[in-house]
2 protein chains.
Amino acid sequence: MGTVVTLSGQVGGAKLADGLYRLRGADLAVIVNTGDDFEHLGLAFSPDVDTVLYTLAGIASREAGWQPADETQALYGMLTALGGPDRPMLGDKSLAACLLRAEGRRDDRSLTDLTLQFCRNLGIAARVLPMSNDQVRTYVDTADGAVTFPEYFNALACEPEVKGFQYVGAEDARVSDEVLDALHANDLEAVVIGPANPYHSIRPILEIGGMKQLLRKRGAPVVAVTPIVGAKALTGSAGKMMRELGREVSARSAAMEYYKLIDGFVIDAVDEDQADGILASGIEVLIAQTVMRTADDRVALAQTVLDFARAIREHKVREGESA
Amino acid sequence: MGTVVTLSGQVGGAKLADGLYRLRGADLAVIVNTGDDFEHLGLAFSPDVDTVLYTLAGIASREAGWQPADETQALYGMLTALGGPDRPMLGDKSLAACLLRAEGRRDDRSLTDLTLQFCRNLGIAARVLPMSNDQVRTYVDTADGAVTFPEYFNALACEPEVKGFQYVGAEDARVSDEVLDALHANDLEAVVIGPANPYHSIRPILEIGGMKQLLRKRGAPVVAVTPIVGAKALTGSAGKMMRELGREVSARSAAMEYYKLIDGFVIDAVDEDQADGILASGIEVLIAQTVMRTADDRVALAQTVLDFARAIREHKVREGESA
């Protein structure tokens with residue numbers, strides 16, 4: 001068994017990362033989107049990084065996976081009582097990482113360094129790696145102009161029609177040394193793109209300068225898990241965005257977002273009819289149970305995905321031998 | 001009835017301020033020590049200002065008056081879990097003011113402006129006024145050098161022997177316009193120095209450039225309430241500091257800290273034997289019940305102090321007439 005890299009955004013991606021972590025422990029690296037990061041009241045929010053941390057540490061809320069369990073809102077309650085901004089804020093526990101991250105950034109510590117400190121302290125053996133130490137900000141183009149993703153998500157409640165996306169800073173951002181090491185590992189066994197929104201969770205990672213080339217030059221297969229099940233996004237707004245961008249809302253559409261980048265795509269059993277269309281694009285397909293309700297579901301899907309990657313690798317080796 | 005100004009530090013001073021507030025409402029201004037202010041993790045802590053705010057708003061903890069009631073420690077718990085500094089920190093509610101204050105300071109808003117915003121939002125009709133908008137920091141001289149007061153109080157638990165105090169920045173700090181207005185009010189009836197540590201609560205206020213002159217030129221009597229009862233400081237470390245500075249630990253000693261600045265001094269009934277010594281220094285003395293256990297105690301002491309100030313004023317008028 002080798003090492004595994006997974007690309008993750010929020011909850012769905014974090015759940016699959018957790019399944020992979022339970023199978024592989026220290027042999028897992030999770031590359032996490034930071035395009036949704038933002039600053040507020042001097043705190044440094046990294047929603048996707050923290051979701052992955054809480055999930056792998058086993059302290060995430062079951063109902064609201066982006067925050068620790070039993071979260072409270074005492075600070076925010078007093079903040080509004082004092083006349084502070086009434087913009088919703090994370091709970092008391094969640095603010096700790098944002099406070100330490102802001103302090104670390106003021107001391108010129110990298111986002112990666114800080115995240116690995118959090119991993120060590122939370123007892124996470126895997127490496128949780130922000131996609132870059134440089135700032136990338138995802139903007140949503142709407143009829144009224146471009147807004148940052150957190151603004152689109154929170155203040156606008158994802159309502160305005162999506163015209164497109166911009167990943168500001170991505171082209172000039174550098175892949176961190178730790179991400180390079182993970183993708184260059186000699187024993188890299190698979191790269192897994194988690195079931196996350198393609199537009200604001202995975203694309204920001206892929207748009208980092210040199211990232212696609214790194215993935216294409218890989219020795220290991222790249223497989224993605226569908227974020228669309230039965231023509232609906234499992235969580236979040238992927239389906240709505242797909243429709244507004246003029247794409248068919250389907251697992252096949254989701255696969256096409258990673259065209260020429262992935263070797264295999266995992267679709268849900270309910271979308272079996274999508275398989276042929278995806279295969280026709282030269283992408284191998286696996287049909288599986290992709291909805292993760294329990295911890296066992298996470299591990300089962302992770303194992304399925306790793307088995308799929310192994311099959312693709314063996315398949316490629318046979319193709320190589322017969323060529 | 002005119003307006004009243006009181007000088008306050010932490011809990012004792014805040015309790016008397018609360019008694020005065022219940023009597024006088026919007027006709028009260030509280031000038032608060034900011035020499036103990038400090039920064040930590042990018043947050044701006046103003047312990048004395050916040051104590052007064054919580055007390056006047058009626059939301060202070062009964063047992064720990066420097067913080068709101070029912071305080072929780074969720075943020076700090078997660079902070080240490082993430083490997084943050086294990087230096088003790090305020091609770092979740094208490095951090096809200098520190099966060100807003102830090103944000104306001106970054107936006108170049110004055111400490112006074114921010115504090116008055118908090119007053120309005122907490123429904124406090126009185127004006128809570130930081131002693132200055134300029135930075136003043138109280139240092140404690142010890143055998144091992146000078147340390148900031150928060151460091152002396154928290155990290156060193158007030159243990160090292162006190163050799164002296166420094167009020168760094170006080171001489172060059174400007175009395176704020178709002179403090180000037182309060183002390184220049186035509187209808188100013190009394191200035192009340194609360195029962196607070198003379199060295200680190202009241203002296204920093206008095207050391208602000210021009211403050212003593214402002215008080216001496218007043219039209220209204222200045223009366224102080226003893227922080228020492230029965231040769232002990234009611235709360236905190238005033239007695240210990242007094243002894244280490246080579247002074248007798250007594251109400252008379254406390255009165256002498258304000259020599260030539262006050263017209264009257266309120267001592268506790270248990271210290272009746274101190275009265276003559278204080279009178280001999282030309283300071284009028286009132287013997288009263290100074291320990292405030294209940295809200296009624298606060299109001300009763302406040303009324304006693306205001307009556308004492310009126311008596312001094314009338315006494316002076318008679319002296320003036322007979323001269």
Side-chain angles (χ1 to χ4, degrees), chain A residues 39-44 46 49-50 53-54 57-61 67-87 89-107 109 113-124 128, chain B residues 39-44 46 49-50 53-54 57-61 67-87 89-107 109 113-124 128:
Chain A
E39 286 77 42
H40 178 45
L41 292 176
L43 304 179
S46 270
V49 168
D50 289 347
L53 288 172
Y54 302 141
I59 59 173
S61 160
Q67 65 182 11
D70 305 318
E71 187 56 291
T72 52
Q73 292 280 343
L75 194 158
Y76 180 64
M78 184 60 82
L79 198 74
T80 51
L82 292 170
D86 63 359
R87 163 179 176 178
M89 203 153 86
L90 292 177
D92 301 315
K93 294 180 186 176
S94 302
L95 293 174
C98 306
L99 192 59
L100 285 177
R101 195 180 287 117
E103 174 79 350
R105 297 298 290 123
R106 280 191 294 271
D107 292 344
R109 292 182 60 192
D113 181 32
L114 290 161
T115 307
L116 290 173
Q117 174 199 315
F118 295 162
C119 280
R120 280 192 302 278
N121 282 280
L122 292 172
I124 299 171
V128 178
Chain B
E39 286 75 42
H40 177 47
L41 293 175
L43 303 179
S46 270
V49 169
D50 289 348
L53 288 171
Y54 301 142
I59 59 173
S61 161
Q67 64 182 12
D70 305 321
E71 187 55 293
T72 53
Q73 292 280 345
L75 195 157
Y76 181 64
M78 183 60 83
L79 198 75
T80 50
L82 292 170
D86 62 2
R87 163 180 175 176
M89 202 153 84
L90 292 176
D92 301 314
K93 294 180 186 177
S94 302
L95 292 173
C98 306
L99 193 58
L100 285 177
R101 194 179 287 117
E103 174 78 350
R105 298 297 291 123
R106 280 190 294 271
D107 291 345
R109 292 181 61 192
D113 181 31
L114 290 160
T115 307
L116 289 173
Q117 174 198 314
F118 295 163
C119 279
R120 279 191 302 279
N121 282 282
L122 292 172
I124 299 171
V128 178

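Computed from a predicted model, the values in this text were never measured in an experiment. In what follows, chains carry the letters A, B, and so on, assigned in the order in which the sequence lines appear, proteins first and then strands, with residues in each chain numbered from 1.
Residue-level contacts of residues 67-74 of chain A with chain B, in order of numbering, are A:P68, A:T72, A:A74; threshold 4.5 Å between heavy atoms.
Although no hydrogens or angles enter the test, the distance criterion places no donor-acceptor pair under 3.5 Å between the side chain of B:D92 and the main chain of A:L75.
Of all heavy-atom pairs spanning A:V128 and A:T115, the tightest one is O-CG2, 3.3 Å. Across B:R109 and B:D113, no two heavy atoms sit closer than the pair NE-OD2, 2.9 Å. The minimum heavy-atom distance between A:F118 and B:L82, with the atom names listed, is CD2-O, 3.6 Å. Nearest approach of B:L41 to B:P85, heavy atoms of both residues: CD2-CG, 4.1 Å.
Your options are A:T80, A:D107, A:L95, A:L100, and the one with the most heavy-atom pairs under 4.5 Å with chain B is A:L100. Residue with the most contacts toward chain A among B:L53, B:L114, B:L99, B:L122: B:L99 (heavy-atom pairs, distance under 4.5 Å).
Residues satisfying the side-chain hydrogen bond (donor to acceptor under 3.5 Å, both in side chains) test with B:R106, not counting sequence neighbours, are B:E103. Listed by chain and number, the residues in a side chain to side chain contact (heavy atoms under 4.5 Å, CB included) with B:A60 are B:Y54, B:T55 (sequence neighbours excluded). By the salt bridge (Lys or Arg N to Asp or Glu O under 4.0 Å) test, A:D50 is found to be paired with A:R101, residues two or more places apart in sequence or in another chain being considered.
At a 4.5 Å heavy-atom cutoff, the contact between B:L43 and chain A is made by side-chain atoms alone. Contacts between A:I59 and chain B at a heavy-atom distance below 4.5 Å involve the side chain alone, from C-beta outward. For B:A102, no part lies under 4.5 angstrom from a heavy atom of chain A.
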